[in-house]
Each structure stands twice: as structure tokens, then as C-alpha cells.
Amino acid sequence: MAVPDPWWTSTVIYQVYPRSFADSDGDGVGDLQGVIDHLDHLVNLGVGTVWLSPFFASPQEDYGYDITDFCDVSPEYGTIDTVRELIEAAHRRGLKVMFDLVLNHTSDQHPWFRQSRSSRSNPRADWYIWRDGRGRGGRRPPNNWRSALEVRSAWQYCPDRQQWYLATFLPFQPDLNYRHPEVKAAMFDAARFWLEMGVDGFRLDIFGSVLKDPQFRDNPFRPRVDGTQTRLWQRPHTENTADTVAFARELRAVVDEFDGDRVLVGEVFGTPDVLRSYLGQPDHPGLHLVFLFDFLAFRYQADFFRSRIEAYEREFPAPMLPTYVLENHDRSRLLDRVGGDLAKARTLAVLLCTLRGVPTIYQGQEIGSANTPIALRDARDPIARSFFGWVPEFIAQRLPERLNRDEVRTPMQWSGGPGGGFTTPGTVPWLPMNHDHRQVNVADQTDDPGSMLELYRRLLHLRTGRASLHRGSLTLVPLDPAAPDVLVYQRQVAGETTLVAVNLVDRPQAVMVPDEAEVLMASQGPVTVAGGRLRLPATSGAVLAVVPPE
Ligand code: NOJ
């Protein structure tokens, strides 16, 4: 008997940013009970997995990505019991649950770091990456490694130890030292703690940075633009090292101690070769999936999407699966990338939900949420605060990318009333509600056949209902020279073929399709098929069944 494919091969991931999803107790901050209360929204939407950004104990300087206890919950989000309840409530509804595992660093207020920084000889002295400085009195950083934002050294001086510690992300997020066996054991145990509770997997925060060069060699200064990344320094000694790739396999062995196909999804950046290396080999597997971030910085053109899909199909052939992302809690909303053009956002929804692999949807994407302009001066986001004062506001607002991540983290818009259904009327939410919540919200879009929400819902239910869409192969149909702006691909399993056609220009287009094609749904009407010609309205996408003749 054939073994069924693991659940995650045909899932759709929905990212919840708990602080901004739903506030059940009226303190202006989203919480885990709020997530439980809205699980039915996810079921109705048709996603299969909910990934929660961190809700662990934290001083919230980076809103949860700075952790002080990996096995506890920040009180504003709930308790361990609420987590248990959330997992159970999700499972009862057939949803899988993924947590965010932040392996690379802790908060500088973590008891481990407090102890580590106190002397050079305490039992946790080597739990973090400490080095003597260079130059007279060791007052220069140990080497040239830059922090993730590149504007400053990754090293922070600690007067108590008269040494430097490494902080790849922000200064208050010291990097753990995975060359210390106790650190690895402690973090693997933290993962086991949640796996035992029943979590179905983890999204792995900046996983590519976990192990650095043990010889601490300088990184080369070589400016380069690579997909979504612009870098002055290349990072052979701090990112995607062979040791980090090997670590992926060790972590995989930990999740494989548990039944039920627990899944690891890496936030890693690099060339397709590098990304693929994290997946390991069939006899020595690594991560299950890695996010592919190219779509976060798309050019709204057929050739952009065609070339990326072609490349990913080549680089990640079955049984590997691409993991497409159009939005997340760090990057601009896609609606703003297309100048607020809803038809374009709808067209991209068709694309995302019909590609081969695992699509990821960020909360609010399903209703067409827009960025909420928030000045650097008012930012809560530590990255934005670090830019405040030296990047003028008018420049910050004109950049294609958001310097202030608050702008994409404002509360989920459940309804048009006061509090937007996110919090109790009269409560000031931790970040301002986007004013457009009066028009753009879940309540108004529910059952409105023309809404973004209904479009996502129909697409995702179609994906679940059609095997070719959730587990079929993908073949790009050769470009029709008469319609170069239309992207056409076919999804196929034995006995079922689905055709997807996406028109990326604002003029109606026609392409040749098999005679037996029947329209299943479209982002915009009217779509017609006659005499083997599919006519698509301007800026639209359509999904068709190719029905074999009787
Ligand atoms: C990547 C996360 O997506 C981001 O939100 C966070 O600030 C950094 N990692 C640091 O953990």
C-alpha cells in the first residue's frame, strides 16, 4: 500500500503575529485566547497550518524575537495552559500549528546572558560568543563582522568582562554559542518541550546564522544585490556555513524523535544551491522546507514571475517543494507594492494559491490589508528606532521597503467599528489601527462575492479540493508570443489537469488553451473560453479544469 504524503506537503501556512491578531482581554495587545477565538476564521479561509510568531517570555524589545525563557509564555499573551488549549483547539479543527523557534539569539535579559556577561569564569561564560577585542586595550571589535543591518559591527563591548559579545541582529540580542554542547542540548530540549505538547513544527528564525566560523575570519567586503538582499559584505564566515547546514540535520533528528511528521521551515537566505543544501539528502534529511523570498520584492511583470517559477521548478524539483511568500511581518504589504491596485493584488492571490509547493499567507493579506504609515519618530519597532535621526522621514516614506516594520504589524481588521474588532471599543491598541479598517475588514468582506477574502477563500478551497492543485506537478506553458504578459501553467496528477492563466497587464488578453478547458474561477470577470481561446480581462487570473473528452 502506498504511504500517503506527509501533511505538510499539501498545506497552506497562515502566519499569525499574535500581538496584532486579536485582543481577547481588552488590554490593547493581541493574545493567544484571541487566536483561539478566531481559529474558525482560518478554517473558513481554507488554510491548513497556523504559524505563530513568538509569544514566549520576553521584554518585547523586538516584540518576541528577544526571548528570556524559551519554555514560558509572556504574560500578556496567556499561559502555558493557553498554549496547550490553542494546540488542542487547532487540532480539533484539523489545523496544524507551527511555532517560531528563535535559535540564533536570546534577549540580553535572559538569565543565561546575565550570568554569562557577569565574568569570564562563570558556568555559562561560554554560552554566548565572547572574544577579546583588537588594538590597544582590546577596544576595537574582534573582527569585521557586521550586524544584519550592516550599518554597524555585530560586536558589542561589555565592560564587566572587558570583552565583546556577538549580536548578529540587534545589540540586545546576543548570539548563543552552539559550539558549546550544553547550549545545543538546552535549545534542543526547548524544542522538545513544545513538540511534546503537540506542536506540529517550527519556523526557524534567521536559521542561516546559527554557527559561525570557529576561526573568526573577516568577511570580504564585496557589495552585491542578490534577489531580496542588498549587501556590502558577503558573509561566508557568518551565514550558511557548512556547520549550520550540518546543524539542520541534527535539529531534524530531534523533531524526528516525535511521531506525526513534525515540520521544520527555515528562514534562510542565499542562492538556490545554498537553500537546497539545508534540505539535506533522503538518507540524511535536514529541514523540510525553506522559505523562498524572491516574491517579497517582485516586479509586477509576467517575465519576473515566469523566470522565478522556472528557476524554482528547476532548483527544487519534486519531491522538494518551493515555499512562496508574498508578505510577512517584516516586509511591505503587497498591496502597497502594486500601488494600491486591488486587481493586481487579486491576480497575485491567484498565482500564490495555485503554484506548486507551500504558499504562506500573512494575517491581513486575505483581506487586502495595506501598510499603515507610521513615522520613524513614533516607531515601536527597534529597527525603525535605530534609523530614526539619521534617515529623514520623507526618504523613509519613499523607500520601496518599510524601514518601520510597525507599518505592516498594525492590528488585524476584523470589523469596521471602533476597535476594529481587534480590541474592545475605547481601548488604544498597541499600534494604531489602519484608518481603512472601516472599509477593509473581515466582517464586511465575508460573503461578499467580490471581496478579497472571498477570492482567497474560493482559491484555497479549490486548492484543497483539487489534487492537481495541492500535489500535482507544475509545467509552464511556453510563452505565447502574441500574449507575452500572460503567464500560463498546468498543474497535473493522474486523471486531473488544472490550467492557470494570469494576465499581468491592464489590457484584456487572449491565449490558446485546450478545447476542453472549463473555467473554475477567476479573480475578475468575464472570462470566456471559445474555440480553444481563453479571453481574460485586464489584470486578472483564472483557474480552469481541463476535462478529458468522454
Ligand atoms: C527575523 C524575524 O522575522 C524578525 O522579525 C526578527 O526581528 C529577527 N529575525 C530577529 O529575530
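In each ligand, atom 1 is the first atom listed, and ligand 1 is the first ligand listed. All of these numbers come straight from a predicted model, not from anything done at the bench.
- The shortest side-chain heavy-atom distance between His237 and Asp218 does not fall under the 4.5 Å cut-off.
- Heavy atoms of Arg331 found under 4.0 angstrom from ligand 1: none, in either backbone or side chain.
- Of all atoms in ligand 1, numbered sequentially from 1 with element shown, those under 4.0 Å from a heavy atom of His105 are 10 (C), 11 (O).
- Atom CZ of residue Arg402 and atom CD of residue Glu407 lie 4.5 Å apart, to the nearest 0.5 angstrom.
- Less than 4.0 angstrom separates some heavy atom of Arg409 from each of these atoms of ligand 1: 5 (O).
- For NE2 of His435, the number of neighbouring non-hydrogen atoms (other residues, nucleotides, ligands) closer than 6.0 Å is 12 at most.
- Of all atoms in ligand 1, numbered sequentially from 1 with element shown, those under 4.0 Å from a heavy atom of Arg405 are 4 (C), 5 (O), 6 (C), 7 (O).
- Ring geometry, Trp430 versus Tyr63: the interplanar angle falls from 30° to 60°, so the pair is classed tilted.
- Of the heavy atoms in Gln15, none comes closer than 4.0 Å to ligand 1.
- Of all protein heavy atoms, the one closest to atom 7 (O) of ligand 1 is Asp62 OD2, 2.6 Å.
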* Could you give me the CA-CA distance, side-chain angles and deciding distance for Phe21 and Trp414, then say whether ring-ring contact (aromatic ring centres under 6.0 Å, His included) is met? => CA-CA 9 Å; Phe21 193 61; Trp414 295 104; 5.1 Å; yes
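- Heavy-atom distances between Glu61 and ligand 1 stay at or above 4.0 Å for every pair.
- The nearest protein atom to atom 3 (O) of ligand 1, hydrogens excluded, is given as Asp330 OD2, 2.5 Å; this is a heavy-atom distance.
- Annotation: Arg93, atom CZ; neighbour count of heavy atoms from other residues, nucleotides and ligands within 6.0 Å is above 12.
- At the top of the distance list for atom 2 (C) of ligand 1, counting protein heavy atoms only, stands Asp205 OD1, 3.1 Å.
- Among the candidates Ile361, Leu351, Leu334, the single residue satisfying the side-chain contact (heavy atoms from CB on, under 4.5 Å) test with Leu326 is Leu334.
- Side chain to side chain, Gln234 and Arg224 meet the donor-acceptor criterion of an N or O pair below 3.5 Å.
- Of the protein's heavy atoms, Phe169 CD2, 3.4 Å lies nearest to atom 10 (C) of ligand 1.
- Residue Gln173 has no N or O atom closer than 3.5 Å to an N or O atom of ligand 1.
- Here is the list of ligand 1 atoms found below 4.0 Å of a heavy atom in Glu267: 1 (C), 3 (O).
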